[in-house]
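If you read the sequence from its start, that first residue is 1, and numbering goes on from there. Ligands are counted one by one from 1 in listed order, and the atoms in each one are counted from 1 as well. The basis for the numbers below is simple: all heavy atoms, side chains too, and nothing from hydrogens, waters or symmetry mates.
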Amino acid sequence: MKSLPIFRRNFAHGVHPGDHTEQTVHLSIQRIPFYSHYILPLGQHLGAPARAIVKIGERVQRGQLIAKPGAFVSTSLHSPITGWVRAIAPRHYPGGKLQPAIEIEADPYATQRFESKPAIDWENLSSEDFINHIQQAGIVGLGGAAFPSHVKYSVPENIHIKHLVVNGAECEPYLTNDHRLMLERPETVLQGVEIIRKKIGAELATIGVESNKANAIKVLNSHIKPYPNIKVVALRVKYPQGAEKMLIKSLFGIEVPAGRLPRDIGITVNNVGTLVAVADYFLTGMPLIERIVTVSGPGISQPANLIVPLGTPIREVLRFCGGLKETTREVIMGGPMMGMPLSSLDVPILKGSSGILAFTATETGKPQEYSCIRCGRCVEACPHFLNPSHLAKLAKVRWYEEMAKHKAMDCVECGACTFSCPSGIPIVHLIKVGKTEIRKEKIKYT
Ligand code: SF4
Ligand code: SF4
C-alpha cells in the first residue's frame, strides 16, 4: 500500500489570533444538570430539515427518535430528555429567525439516565446499512459545520478513499472542547477513528493536532499501539488550520483544487468530536443527544467545558456558569472567528454549538470603519488566495456577477481577512452577503 507522505508543514497565508484558552484548557468536562424545557429545531444541520414524527402531549424517552430525515441530505433528531412534547411550532433560532422546532418538557421524576444498548456489530454491516445507521443516529460534523456525516461517508463507487484525516486542530481561539475530549477520552477518539477508517476503506488515518495541545498528542500516542493504521501528527499553530483544505495541505503538502472536495483526491476529513459521537453510537447505542460546549470569554463568571443536552436554552447554560458579568457586551455561539453573535439568550444549544463566548467592550470594541488603505493584509491572510478587499468592494456595490467571477464562492468564511484589516472593514460579512445573493440569483460560479 502506498501511503501519502506526511509533512510537518503549514498551509500558506492564515493568521495568528492567539489561543485565549487559559480560562478553560485545564478544566475537566462536566455534565450540566437537566433543565425543565428543551427546544429542538428541526433544521439544525445543513440540508433539508427533519420531519417531526411525534405529537403534542406524547411522552418521549431520552434518546427516542422524534424527527426523521427530510431528505438524503438531512438527518434524524432524538429527544435529549425523558418528558412530554409540549409544542411543535416556530421558535427563535440562533441566527435570529424563527424555525419549526419541537419543544419538550422534562419529567422532573425521571432519572434521565441513558440506558446503554449492546454494541452494534459495525464490522459486519454492509456499506448501505452503515450509512443508514449514521443517518439514523443523527450524527453531523461537530466542528461547527453540522454537515450530515452519512453524506460524507457516501462516496461514489468510482472514488476510493485512501486516507481519513481527523481534525484535532481546534484552531478557533477560546475553544477547548476538542482538546479536553482528546485528553479525557483518547480511547473513544481512537475507536471512532478506527470504525470510520475501516468502514470507508481507508488504509490510513492521520489525526492532526496543533502543537499547542502537546499533552493531547502525548495522551493519544500513549493509547495508539493497538491501532497501527492511525498516526497523530503535530501541526504548527495557525488559523484556519481546521478548514478541511488547509488541514490536508498542512499534513500532506497537497492542494485540493478549487471547486473540488477532499474526496476527489481520496481523502475524508472528520472532526474528533464527530468520531467520538460515532463510537458512542456503535458501542452504546446513544444517538446524538448531547455535545461538549466550551463556555468562556472575559464576560463569563465561571468558564467551563460542559456536556450539554441539545436543546438546552443558552440562558440556562450561562446561569450554570454563574451568569454573565455586567461588563458583557456580546455573546457568541461558536468561536470568535466564525461564530454567530446572539440576539437572544433564549435560543437553544444546537448540534453545531461548539462554544458560547461572552465578550466585553475590550474584545468587541469594533474599530470605526475607515477606507481601504490598500495595505494588502487581507490578501496576505486569505488561505484561499482570494482578494478579500476587492470582493468586499464588489459586495458593497452589489456587483454579484463580478464577485462570482472572482471566486467569491471559494471563500470559506474563516474571517482571517476581517481579523487582519487595520481599517476595520467587515470584509467577511460583506462577502457572506454577496455569496447569499449569488446563490439566490442563481449566478453561475463554477
Ligand atoms: S476571503 Fe474568505 S477565505 Fe479568504 S480570508 Fe476572508 S473569509 Fe477567509
Ligand atoms: S486589509 Fe483592509 S485596508 Fe488593507 S487592503 Fe484589505 S480591506 Fe483594505
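Here is the list of ligand 1 atoms found below 4.0 Å of a heavy atom in Cys411: 1 (S), 2 (Fe), 3 (S), 7 (S). Numbered from 1 in the order shown, with element, the atoms of ligand 1 that lie under 4.0 Å from a heavy atom of Glu413 read 2 (Fe), 7 (S). Near Val428, with a cut-off below 4.0 Å to any heavy atom, the atoms of ligand 1 are 7 (S).
The protein heavy-atom contact nearest to atom 4 (Fe) of ligand 1 is Cys382 SG, 2.4 Å. If you check which protein heavy atom lies closest to atom 8 (Fe) of ligand 1, you get Cys414 SG, 2.3 Å. For atom 3 (S) of ligand 1, the closest non-hydrogen atom on the protein side is Val412 N, 3.5 Å.
Among the atoms of His384, no N, O or S atom is found under 2.8 Å from atom 8 (Fe) of ligand 1.
The proximity of Ile431 to ligand 1, defined as any non-hydrogen pair under 4.0 Å, is limited to the side chain.
Between Glu413 and Lys435 there is a salt bridge, with a side-chain nitrogen of the basic residue lying less than 4.0 Å from a carboxylate oxygen of the acidic one. A salt bridge links Glu255 to Lys249: one of the charged nitrogens lies within less than 4.0 Å of a carboxylate oxygen. Here Arg185 pairs with Asp280 in a salt bridge; the nearest charged N to carboxylate O distance falls below 4.0 Å.
Counting heavy atoms from C-beta on, the side chains of Met337 and Cys414 never come closer than 4.5 Å.
Of all non-hydrogen atoms in Gly96 and Ser343, the two that sit nearest each other are CA-OG, 3.9 Å. Considering all non-hydrogen atoms of both residues, Arg291 and Lys351 come closest at NH1-O, 2.7 Å.
Heavy atoms of Gly415 approach ligand 1 to within less than 4.0 angstrom.
Aromatic rings of Phe252 and His163 (six-membered ring for Trp) have centroids within the 6.0 Å cut-off, being under it. Side-chain rings of Phe385 and His13 approach one another, their centers coming within less than 6.0 Å.
For atom 2 (Fe) of ligand 2, the tally of protein N/O/S atoms lying closer than 2.8 Å stands at 1.
In summary, the side chains of Ser354 and Asn177 do not present any donor paired with an acceptor at a separation below 3.5 Å, with no hydrogens or angles considered. With 3.5 Å as the limit, one finds no donor-acceptor pair spanning the side chains of Thr364 and Glu330.
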